[in-house]
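The next block holds one structure in the form of structure tokens; read it before the comments.
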There are 2 protein chains.
Amino acid sequence: MEFEKAKETFIQTWGKLGSEWGINRTMAQVHALLLIAPEPLSTDEIMSDLQISRGNANMNLRDLMNWNLIEKVIKPSDRKEYFEAEKDIWEIARRITRERKRREIEPLKDVLKDLKKVKGDKKDKALKQFTETVGNLETFVDKMDKSMDFLLKADEHWFFGTLVKAFK
Amino acid sequence: MEFEKAKETFIQTWGKLGSEWGINRTMAQVHALLLIAPEPLSTDEIMSDLQISRGNANMNLRDLMNWNLIEKVIKPSDRKEYFEAEKDIWEIARRITRERKRREIEPLKDVLKDLKKVKGDKKDKALKQFTETVGNLETFVDKMDKSMDFLLKADEHWFFGTLVKAFK
DNA sequence: TTGTATTTTCAATAATTACTGAAAGTATAA
DNA sequence: TTATACTTTCAGTAATTATTGAAAATACAA
């Protein structure tokens, strides 16, 4: 396979995967492009590589910065801004985990906690099932949340090493 | 909080969470409804509870069956089909993991394997970075995939017990 | 097998989400 | 401070994704 084709495939695959996980396809493509770039890229390079508008590029670069996946790089004697991606996959995984935890798990925990306060006839089957489901879910989410905390603290070698040993 | 309000909040929250993770909002809502239903529900009950059309209900129920999250229930002397959700959260997590692994991780592994075959000048910086990123990604995805296999085999108590012990 | 209840399909349409491009805003060098 | 190089914003538009509803298909009872 030629490099140009491989690059194209990589970017498309990463974009598709992103959209399957609720991440804007273009944002994932910009990320892919930066992941394989040996040097920081300018907005113009990203625009022409992915054939997207300045506005779109700008927006998605900002989002990627909010996810802590890329950084601005300033070159001396150059007014343009350049962008560089964190390349360590384990570190990327941790940053994504951190963000999703903050954006989704924590608000979910709050809602579930609240839902347990539901009032009504304790004999009602519907209420009973509701309470049970919400309770089980809360327990599960708590455990997942704690597991994520461990993952965030751990380094890759130790994490996978321990996991593999534990489950052998 | 009144039961009706709590139910509504639960369904909305589950739907929102689903859409943040790339799952059709309505499909997640149907799932939420069935998760708190003490008895199997008919298509008509789902339609009227969620205010959606027959076609929409049918489509999303089929998708949920493809994810192995719900089952058809046939009642004797009743032509209607009823639907019931798996209620065990750990089992739900395993089924979702199994599907996402099959639908997304395995195809991704194939693509990455393929991308490593890229040809070109070994001195080229761009190619070097590409090969390195793809290689690191492949290693990482392999490890995640193996971790998921362990999770699929394990039971909840053992899984979280071991995890918490391992990381204490 | 025929009539009826129910489910499925899918073209048309609606709703949502993403993108463009140009104008406004900002920072820098001279 | 002014000209210029660049970035940001956002209203309008495009693209994508989800939903409807009615016709076709299916399954069942008599």
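A, B, ... follow the sequence lines: proteins, then strands. Residue 1 opens every chain. Below, all heavy atoms of this structure are taken into account, side chains as well, without hydrogens, waters or symmetry copies.
- Spacing between atom CG of Leu41(B) and atom P of dT7(C) amounts to 13 Å, rounded to whole angstrom units.
- To the nearest angstrom, C1' of dA29(C) lies 20 Å from NZ of Lys75(A).
- For the side-chain hydrogen bond (donor to acceptor under 3.5 Å, both in side chains) test, residues two or more places apart in sequence or in another chain that qualify with Lys72(A) are Glu81(A).
- Sequence order on DNA chain C of the closest nucleotides to Thr26(A) and Met65(B) puts Met65(B) first from the 5' end.
- With a heavy-atom cut-off of 4.0 Å to chain B, the contacted part of DNA chain D has its first and last nucleotide at dA18(D) to dA29(D).
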Detail all sub-3.5 Å separations between protein N/O atoms and N/O atoms belonging to nucleotides 9-16 of chain C.
unit_1 : atom_1 : unit_2   : atom_2 : d
dT9(C) : OP2    : Arg62(B) : NH2    : 2.6

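- If you measure from atom NZ of Lys80(A) to atom P of dA27(C), you get 19 Å, rounded to the nearest angstrom.
- More than 12 heavy atoms of other residues, nucleotides or ligands lie within 6.0 Å of NZ in Lys75(B), so this atom counts as buried by the packing criterion.
- Summarising the hydrophobic clusters (Ile, Leu, Val, Met, Phe, Trp, Tyr; side-chain heavy atoms under 4.5 Å, direct or chained), the residues clustered with Val73(B) are Tyr82(B).
- Rounded to whole Å, the distance from CD1 on Ile23(A) to C1' on dA18(C) is 15 Å.
- The CG atom of Asp44(B) sits 8 Å away from the P atom of dT6(C) (whole-angstrom rounding).
- A side-chain hydrogen bond (donor to acceptor under 3.5 Å, both in side chains) check over residues 45-58 of chain A, counting only residues at least two apart or in different chains, returns the pairs Lys7(A)-Asp49(A), Ser42(A)-Glu45(A), Asp44(A)-Arg54(A), Asn56(A)-Asn60(A).
- The backbone N or O of Glu156(A) sits nowhere less than 3.5 Å from a side-chain atom of Arg94(A) that would complete a donor-acceptor pair.
- Under the side-chain hydrogen bond (donor to acceptor under 3.5 Å, both in side chains) criterion, Lys101(A) pairs with Glu106(A), Asp145(A), Asp149(A), not counting sequence neighbours.
- Arg95(A) is linked by a side-chain contact (heavy atoms from CB on, under 4.5 Å) to Asn68(A), Leu69(A), Glu86(A), Glu91(A), Arg98(A), counting only residues two or more places apart in sequence or in another chain.
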Which pairs would a plain distance check flag for residues 22-39 of chain A, meaning a side-chain donor or acceptor within less than 3.5 Å of a matching protein atom at least two apart in sequence or in another chain?
unit_1   : atom_1 : unit_2    : atom_2 : d
Asn24(A) : OD1    : Thr26(A)  : N      : 2.7
Asn24(A) : OD1    : Met27(A)  : N      : 3.1
His31(A) : ND1    : Trp14(A)  : NE1    : 3.4
Glu39(A) : OE2    : Lys125(B) : NZ     : 2.3

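- For the salt bridge (charged side-chain N to carboxylate O under 4.0 Å, His left out) test, residues two or more places apart in sequence or in another chain that qualify with Asp114(B) are Lys117(B).
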What does the list of N/O pairs under 3.5 Å between the protein and nucleotides 1-4 of chain C look like, with a distance for each?
unit_1 : atom_1 : unit_2   : atom_2 : d
dT4(C) : O2     : Arg79(B) : NH1    : 3.0

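- Taking atom CG on Asp78(B) and atom P on dT6(C), their separation rounds to 7 Å, with Å as the unit.
- Take Thr9(A) and apply the side-chain hydrogen bond (donor to acceptor under 3.5 Å, both in side chains) test, not counting sequence neighbours, and it matches Lys5(A).
- In this structure, Met47(B) atom CE and dT8(C) atom P are separated by 13 Å, rounded to whole Å.
- Scored by the ring pair (Phe, Tyr, Trp, His ring centres under 6.0 Å) test, Trp90(A) finds Phe159(A), Phe160(A) as partners (sequence neighbours excluded).
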